[in-house]
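One structure below.
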Amino acid sequence: MAPLTLALLLSLDWWVPTPQEAQELQSALDQYWEQGEVEVQVGAPAQDRPGIQVLDGQLVWTEQERTVQQPCPTSPGAQVLLVKSWTQALDPADQGWVPEVELDDFLPDKPPGPTEVLLPVAAPPAEVERVVAPKIERPEQAATAQLNLSAGVGLQSALSAEPWRLSVGGARYGRRVNQALWLVGDFGGQPRFAQGTTSRLGTQLGFGLSQETSTGSAAEVWLLGGARWLFFEGSQEELLPSVGLKVIGWGPPVGQNRIGVALSGQLEGLDAQRTFYDGEQYVSEMALQSAYLEFVIGRPM
């Protein structure tokens, strides 16, 4: 493209708002545009009057046939060089085309930015070997023993007077299964059709499970089996095998002792053993089923 002729610049005015800016602009013109015919004016040009001015951050050049504008540099020297580049690139017949003007060569160097620092790359964490704590076998819980004394009352449908019960026994509490042996006696039972009292005395073997709470109370369930002699008025009559179930509930320990309540039921004797003679002519029938309620005191041995 042909550069603008000198005749286009003979009446070119550059308007600035203050005398100080006019002085700074004139110094830049003297330095960068020695042959330019540009007049620096203070104030604002009349509407549609040709000239150069700064409007809304844009450097604007207005003439009869076109208006050229670009973002205004802050430095007066850069502004002069920008306008000078326009005069060297614009063609009079061109209707407003504005070339891309790179101002980097005219503007002062930018202050240095942050320096890139290369940090050493941290080595990946070493693989941690997972150490599994050896399984510690807990020593088996030592078995404990307890002496139990109980007293209570029984219930049997064939008796007109209920027997009272006394028992003494020892219990061994193991890790899984508990064992116990009782010596059990029922006294004062009154058969309905006999003139006398009955007693039953013998042993019972038990196997059971127990569960203790954090407060020290506990519950036990026992499966019983054994045999007892039946006595009528002190005379031995029959040996009665028996099986049964007993449940004991213990309260928290009282010193070294334990106090609890037991409820049990059992089947005792065979069908052929349910009758006996009381001496002459009366026959007493003994019931198979019996139930007992007992109060128990236990003490560790």
Side-chain angles (χ1 to χ4, degrees), residues 138-159 161-189 198-231 236-274 286-301:
R138 294 185 178 181
E140 293 190 3
Q141 181 181 0
T144 60
Q146 180 173 290
L147 177 65
N148 296 326
L149 299 175
S150 65
V153 63
L155 176 63
Q156 188 181 108
S157 61
L159 300 178
E162 310 303 337
W164 50 277
R165 165 174 283 197
L166 291 176
S167 70
V168 59
R172 181 181 182 275
Y173 296 91
R175 185 176 182 183
R176 294 181 177 87
V177 180
N178 308 325
Q179 303 96 39
L181 179 64
W182 289 280
L183 176 61
V184 184
D186 292 350
F187 307 96
T198 61
S199 301
R200 282 169 284 182
L201 182 64
T203 59
Q204 289 181 333
L205 180 65
F207 295 93
L209 302 174
S210 61
Q211 179 64 47
E212 187 171 352
T213 66
S214 59
T215 61
S217 58
E220 300 176 2
V221 179
W222 295 91
L223 181 62
L224 309 175
R228 296 194 298 173
W229 286 102
L230 171 65
F231 296 88
Q236 179 178 314
E237 297 290 339
E238 296 286 353
L239 180 64
L240 306 176
S242 65
V243 293
L245 185 69
K246 176 182 286 190
V247 178
I248 304 177
W250 297 100
V254 180
Q256 291 186 346
N257 299 322
R258 307 179 73 185
I259 300 177
V261 177
L263 181 64
S264 61
Q266 68 182 42
L267 300 176
E268 191 167 35
L270 302 176
D271 186 68
Q273 297 173 313
R274 294 174 60 188
M286 302 297 296
L288 283 173
Q289 302 88 355
S290 300
Y292 298 90
L293 177 64
E294 303 170 72
F295 293 92
V296 190
I297 297 178
R299 185 178 180 86
M301 291 190 299

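These values consider heavy atoms only, across backbone and side chains, with no hydrogens, waters or symmetry-generated copies.
Here OG of S167 is found 8.0 Å from CG of L149. Values are rounded to the nearest 0.5 Å. Here the CZ-OG distance, from R258 to S217, works out to 8.5 Å after rounding to the nearest 0.5 Å. For the atom pair Q156 CD and T198 OG1, the distance stands at 7.5 Å (nearest 0.5 Å). Atoms CG and CG, from L223 and L205 in turn, are 9.5 Å apart once rounded to the nearest 0.5 Å. Between the CG atom in L209 and the CZ atom in R176 there is a gap of 12.0 Å [rounded to 0.5 Å]. Atom CG in N148 sits 10.0 Å away from atom CD1 in I297 (nearest 0.5 Å).
Across every non-hydrogen atom of W250 and G260, the tightest pair is CE3-N, 3.6 Å. The two atoms that bring N257 and R299 nearest to each other are OD1-NH1, 2.8 Å, heavy atoms only. Taking both residues in full, the closest heavy atoms of G269 and L288 are given as O-CD2, 2.9 Å, listed atom of the first, atom of the second, then distance. Closest approach of L183 to G202, counting heavy atoms only: CD1-O, 3.3 Å. Nearest heavy atoms, S150 versus E294: OG-OE1, 2.8 Å. Heavy-atom minimum distance, L159 versus G189: CD1-CA, 4.2 Å.
Side-chain contact between V261 and F295 is present, with heavy atoms from C-beta onward closer than 4.5 Å. Taking the side chain as every heavy atom from C-beta outward, L147 and V168 approach each other to under 4.5 Å. Proximity of E220 to Y173: side-chain heavy atoms (C-beta onward) are separated by under 4.5 Å at one or more points.
A donor-acceptor pair under 3.5 Å is formed between the side chain of Q179 and the backbone N or O of V177.
Below 30°, between 30° and 60°, or above 60°: for W182 and W222 the angle between ring planes is above 60°, a perpendicular geometry.
Using modelled atom types, one finds a donor on one side chain and an acceptor on the other under 3.5 Å when comparing Q204 with Q266.
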Criterion side-chain contact (heavy atoms from CB on, under 4.5 Å) on D186 and R228, from CA distance to verdict: CA-CA 10 Å; D186 292 350; R228 296 194 298 173; 2.9 Å; yes
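Among E268, E238, R165, the one residue that satisfies the side chain to side chain contact (heavy atoms under 4.5 Å, CB included) test with R200 is E268.
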